[in-house]
Amino acid sequence: MEEDVLYHLDLGTKTHNLPAMFGDVKFVCVGGSPNRMRAFAQFMHKELGLAGDGEDLADICAGTDRYAMYRAGPVLSISHGMGIPSISIMLHELIKLLHHAKCRDVTIIRIGTSGGLGVEAGSVVITDMAVDSSFKPRFEQVVLDDVVVRSTELDRDLAEELLTCSKEIPDLPTLIGHTMCTYDFYEGQGRLDGALCSFSSEKKLDYLKRAYNAGVRNIEMESTAFAALCRLCGLRAAVVCVVLLDRLEGDQIRAPREVLREFQHRPQRLIAAFIRKRLGLRPPAGNTLCPTE
C-alpha cells in the first residue's frame, strides 16, 4: 500500500514517523483497561529509572477513544478492551505498526485478570496453552465463508523464564497452566448470575471440573486470539493473569476493592521484574524483586 492507516490507533505510515517513534521498542504489554495500562506505563517508567516521575505520560492514541497507548523507554503499554473482537482489531494494527517501525526481537505479553479453577484468589497464572470452551488448543476464525482453525500454543521457554523470575518475588504465588478463553463472561463461563440461566448448578460444576481435569487453571476472554495471531506473526508471546476468585467456589467477585487493586498489580510486578532482568537492570532502591544474576 502507498499508505497504511492504522485507523483504530489513530496512526499511519504517512502521518507519523513510525520507525522514529517505535523502532527501539522491545517489549509490548497489553491489557484490557486504558487506566490500568496507563498505570502500568507509569510503573515501568519508575522501575526502569527513567527521567521524571512518569505522571505526564501522553496517550499516543489520544486521537481515538478505542484504545490507549503509552511508552516507557523500550516498553509499549496498550489497552485492548474486552473480548476477542476488540483485542483482535488492536493486534492486527499493532503488529503492522511493529512491522512498519522495523522493530526486531519483540516480546509481547498480555497482562490481565481472570477467574481461577482450583486456584486461590491472588495467584498469578502463566499460560502455557490457550484453549477454547472444549478445552482444545485452537482458535476458530471465520475468513470469508471458511472456518479457519489456528494453533494457540504459546512460547514455553518464555513461560518458564517468567515462572523462574516469579520465584524471586516475595508474596507472589505463581503457576503455569492452561487458560480457557470464552466469548462471554456469563453463560460462556458457566456463570449462574447473568440475565439468562439455562443450566443447573450441577451441570456448571461438572463442566468446570472437567475443565480443571483438562489442565485449565483460569478463564478469561482474549487468550486464544492473542496466542494465534502472535504465533502466526512470529512474535514471542505470553499471557500472565491474576486470579480474582476460584470459580469452583462461586460466580461473583466479592473481594474488597483494595484487595482487588493489589491483586491486579501482581502481574505488573512480575513483568516489571522480567523486563528489568532482560535489560540487565538492578531493581530500584528498596525493591528486591527478581534481582539480576
Side-chain angles (χ1 to χ4, degrees), residues 1 4-13 28-33 37 61 64 66-69 76 78-101 103 106-115 125-156 158-159 177-191 207 210-211 214-241:
M1 291 180 287
D4 192 0
V5 177
L6 309 178
Y7 173 73
H8 300 89
L9 301 181
D10 194 39
L11 296 168
T13 53
V28 179
C29 298
V30 306
S33 162
M37 298 319 291
C61 299
T64 176
R66 296 295 183 185
Y67 305 103
M69 179 189 295
L76 204 58
I78 313 170
S79 69
H80 59 59
M82 188 179 293
I84 285 173
S86 185
I87 194 173
S88 176
I89 293 167
M90 186 280 290
L91 282 174
H92 273 278
E93 298 187 15
L94 167 65
I95 292 167
K96 291 200 296 176
L97 182 155
L98 296 174
H99 170 75
H100 292 311
C103 295
V106 175
T107 298
I108 180 168
I109 302 172
R110 169 169 139 66
I111 306 171
T113 59
S114 61
V125 178
I126 301 168
T127 306
D128 60 354
M129 187 181 297
V131 300
D132 63 13
S133 296
S134 299
F135 325 137
K136 301 288 180 60
R138 63 189 180 189
F139 172 59
E140 293 187 351
Q141 173 70 54
V142 178
V143 180
L144 303 182
D145 57 351
D146 292 326
V147 177
V148 178
V149 180
R150 293 167 173 167
S151 171
T152 56
E153 288 193 45
L154 289 154
D155 190 303
R156 291 178 182 267
L158 178 56
H178 296 356
T179 296
M180 183 167 72
C181 180
T182 69
Y183 289 92
D184 167 56
F185 183 82
Y186 286 99
E187 287 184 294
Q189 294 188 9
R191 278 185 165 84
Y207 175 71
R210 284 191 285 116
V216 174
R217 293 297 177 266
N218 64 334
I219 309 172
E220 45 86 274
M221 295 190 293
E222 293 87 17
S223 58
T224 52
F226 175 83
L229 264 71
C230 291
R231 181 181 174 87
L232 281 170
C233 294
L235 285 166
R236 294 193 74 198
V239 178
V240 180
C241 292

Pairing residues for R191 by the side-chain hydrogen bond (donor to acceptor under 3.5 Å, both in side chains) criterion, not counting sequence neighbours: Q189
For T64, all residues meeting side-chain hydrogen bond (donor to acceptor under 3.5 Å, both in side chains), sequence neighbours excluded: none
Stepwise side-chain contact (heavy atoms from CB on, under 4.5 Å) test for M37 and I78: CA-CA 6 Å; M37 298 319 291; I78 313 170; over 6 Å; no
Sequence neighbours excluded, every pair satisfying side chain to side chain donor-acceptor pair (under 3.5 Å) that has a member inside residues 214-223: R110-E220, R110-E222, S114-N218, T179-N218, E220-S223
Distance (rounded to the nearest 0.5 Å) between D132 CG and R138 CZ: 4.5 Å
Counterpart residues, side chain to side chain contact (heavy atoms under 4.5 Å, CB included), relative to A159 (two or more places apart): I126, I176
From I89 atom CD1 to I84 atom CD1, the distance as rounded to the nearest 0.5 Å: 12.0 Å
E140 side, atom CD; T152 side, atom OG1 - distance, nearest 0.5 Å: 11.0 Å
Rounded distance [0.5 Å steps], SG in C230 versus CG in L94: 8.0 Å
Those residues that, when tested against D10, pass salt bridge (charged side-chain N to carboxylate O under 4.0 Å, His left out) (two or more places apart): none
Intermediate values then yes/no, side-chain contact (heavy atoms from CB on, under 4.5 Å), V131 and T224: CA-CA 6 Å; V131 300; T224 52; 5.8 Å; no
Set of residues satisfying side chain to side chain contact (heavy atoms under 4.5 Å, CB included) with respect to E153, sequence neighbours excluded: M129, S151, R156, R231
CD1 on I95 to CE on M90, rounded to 0.5 Å: 8.5 Å
Any pair counted as side chain to side chain donor-acceptor pair (under 3.5 Å), so long as it reaches residues 85-97, sequence neighbours left out: D4-K96, H8-E93
Check: D184 side chain, Y186 main-chain N or O, donor-acceptor pair, under 3.5 Å: yes
Non-hydrogen side-chain atoms of L9 and L97 separated by less than 4.5 Å: yes
Beyond-backbone contact of D155 with T107, side-chain heavy atoms, under 4.5 angstrom: no
Close side-chain approach of T182 to I219, heavy-atom, < 4.5 Å: yes
Residues that R150 engages under side-chain hydrogen bond (donor to acceptor under 3.5 Å, both in side chains), provided they are two or more places apart: none
Beyond-backbone contact of L235 with V106, side-chain heavy atoms, under 4.5 angstrom: yes
With sequence neighbours excluded, residues passing ring pair (Phe, Tyr, Trp, His ring centres under 6.0 Å) with F135: Y207
V239 vs L154, side-chain contact (heavy atoms from CB on, under 4.5 Å): CA-CA, chis, key distance, verdict: CA-CA 8 Å; V239 178; L154 289 154; 4.0 Å; yes
Trace of the side-chain contact (heavy atoms from CB on, under 4.5 Å) decision for M221 with F185: CA-CA 7 Å; M221 295 190 293; F185 183 82; 4.1 Å; yes
Qualifying residues under salt bridge (charged side-chain N to carboxylate O under 4.0 Å, His left out), relative to D128, sequence neighbours excluded: none
Main-chain N/O of G31 paired with S79 side-chain donor or acceptor, under 3.5 Å: no
Atom pair SG/CZ of C181 and F226 - distance to nearest 0.5 Å: 11.5 Å
